[in-house]
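Below: one structure, written as structure tokens.
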Amino acid sequence: MIRLCRAELRKVWGSRFFLLSLVVLLCANLFLLWFGTSRAQGGAPYSAYHRIEESIAGMSMDEMGEFLHGELARVEGIVHVDGVLRSEAYSGGRRDEALRERYADDFAAYEELYRAGGYLTYAPTLCAQYAFLNSIVYEYDTVADYEGFLDSIDEKAKQLSSISIFANSGYDTENIAVTAEAFEDMRGTQVRYYPQKGLMTALDFALTDVVAVFAMVLIATVLVRAERDNGLLALIRSTPGGRLKTAGAKLAALAVSLFAVLALLYGVNFAYCGGMYGIGPLTRTIQSVPQLMRSTWKLTVGEYIGCFFLTKWAAALICGAWVMLAMLLARRMLTGALGALALIGANLAIRAAIPATSSWNVVKYANLVSLLRTNELIGAYRNLYWFGHPVPLLLVECIAATVFAVGFLMAFLAVFSRHVFRAACPRAGIRIRRRTSRFTTLPRQETYKLLVMQGAGLILVLFALVQGYTAVTTESYLDVDEIYYRYYMQHVEGPLTRKSIDWLTEQNEEFEPIYKLQSAMNAGRISTQEGQAALSAYAALQQKMGVFQRVVSMAQNLNEKPRSQMVYETGWLKLFDTADRQDVTDTLAVALVCALCFSGLFAMERQTGMVHVIAPTPLGRAATVRCKLRLAGAVCAVITAVSLLPRFWIVIRDYGLGAWFAPVYSISEYASAPEIPMFLMAALLILSRYLAVLCMALATLALYRA
């Protein structure tokens with residue numbers, strides 16, 4: 001039996017197809033994790049979590065609370081100041097006395113700090129920083145009040161029972177008593193706050209379960225489907241081990257393979273989330289994690305992770321047994337995969353259709369999808385309605401898991417040991433219809449194979465939809481200085497002409513009151529203290545004047561290099577990603593799309609043996625390879641265009657791209673660049689992206705062709 005298990009494991013882990021496909025699944029999981037957690041432009045960066053963790057390290061809970069609430073109060077006051085000044089900037093710089101009076105305390109405390117800058121400690125924008133600190137303080141308050149949460153359980157349960165949809169009042173009364181009894185022993189639990197973003201994202205990322213289901217289909221294809229299609233299952237009956245032992249060995253190989261696959265998937269999750277957000281001390285209690293605070297298990301975070309993984313593995317094994325059974329029963333591989341996914345999809349539909357407060361909530365949670373939602377199973381205490389009595393969720397799902405496991409495993413063993421399987425071939429006696437063959441060409445046939453048979457067309461469409469959604473939903477934050485700067489630069493952008501100079505001279509007249517006060521102070525007609533007091537009434541105008549002087553300084557420096565022009569460079573710098581915020585994530589997305597699109601371009605012929613048929617044809621293998629490479633180059637061009645769509649759309653929509661023919665050294669960041677126009681720099685950006693995508697595609701083709 002051990003030798004059989006080893007042989008089945010070698011089939012899985014010795015298969016190059018399985019290993020390469022597993023790498024693609026891991027990359028897909030990483031991409032989905034990045035896409036699901038990536039911030040919109042202007043949101044809180046990952047470094048914000050590291051900064052807040054460094055700030056609260058070593059503090060007691062009371063010190064932590066004082067610090068976090070103080071940070072939130074400071075940022076909230078600056079947000080009010082920023083909102084008033086932005087409103088005044090959009091209205092042309094006119095003071096809004098009503099708003100200033102409303103937030104007079106905030107202006108007195110934080111206006112100087114706002115004008116001095118340096119208040120963006122955690123995020124690149126004020127709104128993102130406020131949202132981030134607000135969520136952190138909410139988490140802290142939730143954890144810090146754990147004893148209060150225990151005190152309020154009975155009161156909250158009574159409030160819920162008064163509006164409960166359950167008709168049987170006996171259930172409400174019994175549920176209150178059972179819930180209070182379950183939390184009795186939780187008094188005195190020590191809590192230590194740490195941001196939960198990293199831990200819960202790694203554990204509770206739903207799309208990892210989706211990737212795990214596809215991994216089950218992949219393992220079942222190697223263990224069962226390949227042998228069923230080539231007729232080897234028909235020979236097993238005559239082997240010494242027989243079918244029953246072979247079936248048991250295949251299930252054992254499934255269990256070991258799923259354990260390894262889940263370890264890799266969640267290892268990727270923890271590595272990514274640990275690097276981006278931080279996981280926190282594994283010795284703190286799970287009641288220190290807001291999302292796990294309702295659990296009645298006295299575990300540390302490290303112990304909970306171990307329980308989580310074992311529970312997830314058991315649930316995945318149950319689902320994997322069903323997938324193996326479906327792949328074994330189906331006459332075609334596609335039918336088996338669709339059938340396996342159909343039952344899981346039906347369970348998902350049932351789970352979504354039944355509310356958690358329904359009297360049928362036992363059906364909602366006693367299904368395959370709920371088994372895979374491990375944090376819901378062991379991360380919180382919950383009772384379900386069972387004929388007028390509360391029953392723990394854990395008990396219901398354990399019974400359901402036992403029923404599913406016994407049913408699927410016994411069905412697989414019975415079908416495998418008793419059914420006679422034949423190799424996949426056309427059935428005898430089928431009447432073959434004559435079909436008129438149509439002339440085709442090699443490029444047309446290869447295009448059909450790539451886009452339709454291998455699904456690259458669907459992948460490109462999905463990628464385009466994701467990129468389009470990103471472009472439409474991403475928002476840019478323009479602070480007060482940027483609003484003024486855009487206003488001035490868009491009026492004088494391009495070659496500095498007499499008309500532009502006259503317009504700047506006209507705009508300079510707006511600051512005449514400030515010039516007069518400064519002249520009076522310089523001449524000694526008023527004291528410096530009186531002048532500063534008078535200038536405080538022109539605070540918003542002074543800010544606008546500072547931006548104007550920056551524009552004038554840029555105009556004066558145009559003579560340093562010939563043919564320099566006034567360029568509103570913010571949009572161009574966002575496009576070229578000089579802050580290096582988008583290129584890494586774009587590279588990850590494009591690499592995944594290349595792997596999915598081109599993984600089967602050469603592998604299909606090698607797996608089916610058609611590579612030996614193509615060789616003696618009149619055109620030969622070389623012509624086919626050249627056609628495939630040209631097709632790959634065309635698809636790479638599409639991937640390049642789609643990958644750059646959000647960047648161009650967001651920049652043009654929010655900032656604008658002007659002065660296309662201005663020399664690139666008109667922008668101070670490119671002062672040492674040669675004299676090439678801006679449009680050529682944009683073309684070089686597109687060309688370099690295309691070459692990078694082409695290199696990724698060629699690397700994928702080389703790996704799958706080897």
Would you mind reporting whether [Y] and [X] have side-chain heavy atoms less than 4.5 Å apart?
| X | Y | result |
| --- | --- | --- |
| Asn383 | Leu393 | no |
| Val224 | Ile219 | no |
| Leu9 | Ser257 | yes |
| Ser295 | Ile378 | no |
| Tyr194 | Val301 | no |
| Ile305 | Phe270 | yes |
| Cys319 | Leu372 | yes |
| Thr300 | Arg284 | no |

Hey, what do you get for [atom1] ([X]) to [atom2] ([Y]), rounding to the nearest 0.5 Å?
| X | Y | atom1 | atom2 | value |
| --- | --- | --- | --- | --- |
| Cys273 | Leu199 | SG | CG | 9.0 Å |
| Asn367 | Ile350 | CG | CD1 | 6.5 Å |
| Tyr266 | Phe309 | OH | CZ | 9.0 Å |
| Glu376 | Leu394 | CD | CG | 12.0 Å |
| Met216 | Leu317 | CE | CG | 9.0 Å |
| Thr142 | Gln291 | OG1 | CD | 11.5 Å |

Checklist entry - Do the ring planes of Tyr193 and Tyr140 sit parallel (below 30°), tilted (30 to 60°) or perpendicular (above 60°)? => result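 Because their plane-to-plane angle is over 60°, the rings of Tyr193 and Tyr140 count as perpendicular.
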
Checklist entry - Checking ring pair (Phe, Tyr, Trp, His ring centres under 6.0 Å) against Phe132, which of Tyr46, Tyr277, Tyr49 comes through? => result Tyr49

Item to check | Under-4.0 Å salt bridge between Asp185 and Lys298 | outcome: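 The answer is no: the pair does not qualify as a salt bridge.
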
Next on the checklist: What verdict does the side chain to side chain contact (heavy atoms under 4.5 Å, CB included) test give for Leu292 and Gln287, after you've listed the backbone C-alpha separation in whole Å, the side-chain angles of each residue and the deciding distance to 0.1 Å?
Outcome noted: CA-CA 6 Å; Leu292 304 177; Gln287 284 72 30; over 6 Å; no

Work out which heavy atom in [X] is nearest to a heavy atom in [Y]; give both atom names and the distance.
| X | Y | result |
| --- | --- | --- |
| Leu343 | Asn347 | O-ND2, 2.7 Å |
| Ala212 | Leu262 | CB-CD2, 4.1 Å |
| Ala589 | Phe463 | CB-CE1, 4.4 Å |
| Leu282 | Ile279 | CD2-CG2, 4.1 Å |
| Arg351 | Lys364 | O-NZ, 2.5 Å |
| Val323 | Ala220 | CG1-CB, 3.9 Å |

Item to check | Evaluation steps, side-chain hydrogen bond (donor to acceptor under 3.5 Å, both in side chains), between Thr285 and Ser288 | outcome: CA-CA 6 Å; Thr285 60; Ser288 302; 3.2 Å; yes

Do any N or O atoms from the side chain of [X] and from the backbone of [Y] form a donor-acceptor pair under 3.5 angstrom?
| X | Y | value |
| --- | --- | --- |
| Thr189 | Met186 | yes |
| Ser370 | Ala366 | no |
| Trp34 | Leu588 | no |

Item to check | Residue pair Trp297, Tyr304: steps toward the side chain to side chain contact (heavy atoms under 4.5 Å, CB included) verdict | outcome: CA-CA 9 Å; Trp297 290 20; Tyr304 179 83; 5.5 Å; no

Item to check | Steps toward side-chain hydrogen bond (donor to acceptor under 3.5 Å, both in side chains) verdict (Ser358, Asn361) | outcome: CA-CA 5 Å; Ser358 170; Asn361 55 11; over 6 Å; no

Checklist entry - Can you list the steps and then say if Arg373 with Asp204 is a salt bridge (charged side-chain N to carboxylate O under 4.0 Å, His left out)? => result CA-CA 8 Å; Arg373 303 303 296 150; Asp204 206 34; 3.0 Å; yes

Next on the checklist: Here's a test for you: under side-chain contact (heavy atoms from CB on, under 4.5 Å), which of Leu207, Leu265, Thr201, Val211 qualifies with Leu33?
Outcome noted: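 So, applying the side-chain contact (heavy atoms from CB on, under 4.5 Å) to Leu33 and each of Leu207, Leu265, Thr201, Val211, only Thr201 qualifies.
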
Item to check | Step-by-step side chain to side chain contact (heavy atoms under 4.5 Å, CB included) determination, Phe408 to Leu368 | outcome: CA-CA 12 Å; Phe408 293 151; Leu368 293 176; 3.9 Å; yes

Checklist entry - Residues two or more places apart in sequence or in another chain: which of them pass side-chain hydrogen bond (donor to acceptor under 3.5 Å, both in side chains) with Tyr365? => result Arg382

Checklist outcome for this item: Sequence neighbours excluded, the answer for side-chain hydrogen bond (donor to acceptor under 3.5 Å, both in side chains) partners of Tyr146 is none

Next on the checklist: Using ring centroids (six-membered ring only for Trp), state whether Phe18 and Trp13 fall under 6.0 Å.
Outcome noted: yes

Item to check | More than 12 heavy atoms of other groups within 6.0 Å of Phe259 CZ | outcome: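 No - once you tally the heavy atoms of other residues, nucleotides and ligands closer than 6.0 Å, there are 12 at most.
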
Item to check | Within 6.0 Å of CZ in Phe214, more than 12 heavy atoms from elsewhere | outcome: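 Counting neighbours around CZ of Phe214, 12 or fewer heavy atoms of other residues, nucleotides or ligands fall under 6.0 Å, so no.
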
Item to check | Derivation of the side chain to side chain contact (heavy atoms under 4.5 Å, CB included) call for Lys197 and Glu139 | outcome: CA-CA 10 Å; Lys197 178 74 172 179; Glu139 288 182 6; 5.6 Å; no

Next on the checklist: Considering only residues two or more places apart or on different chains, which pairs with a residue in residues 393-410 satisfy side chain to side chain donor-acceptor pair (under 3.5 Å)?
Outcome noted: none

Checklist entry - How far apart are the C-alpha atoms of Asn269 and Thr208, what are their side-chain angles, what is the distance that settles it, and do they pass the side-chain hydrogen bond (donor to acceptor under 3.5 Å, both in side chains) test? => result CA-CA 9 Å; Asn269 284 10; Thr208 299; 3.0 Å; yes

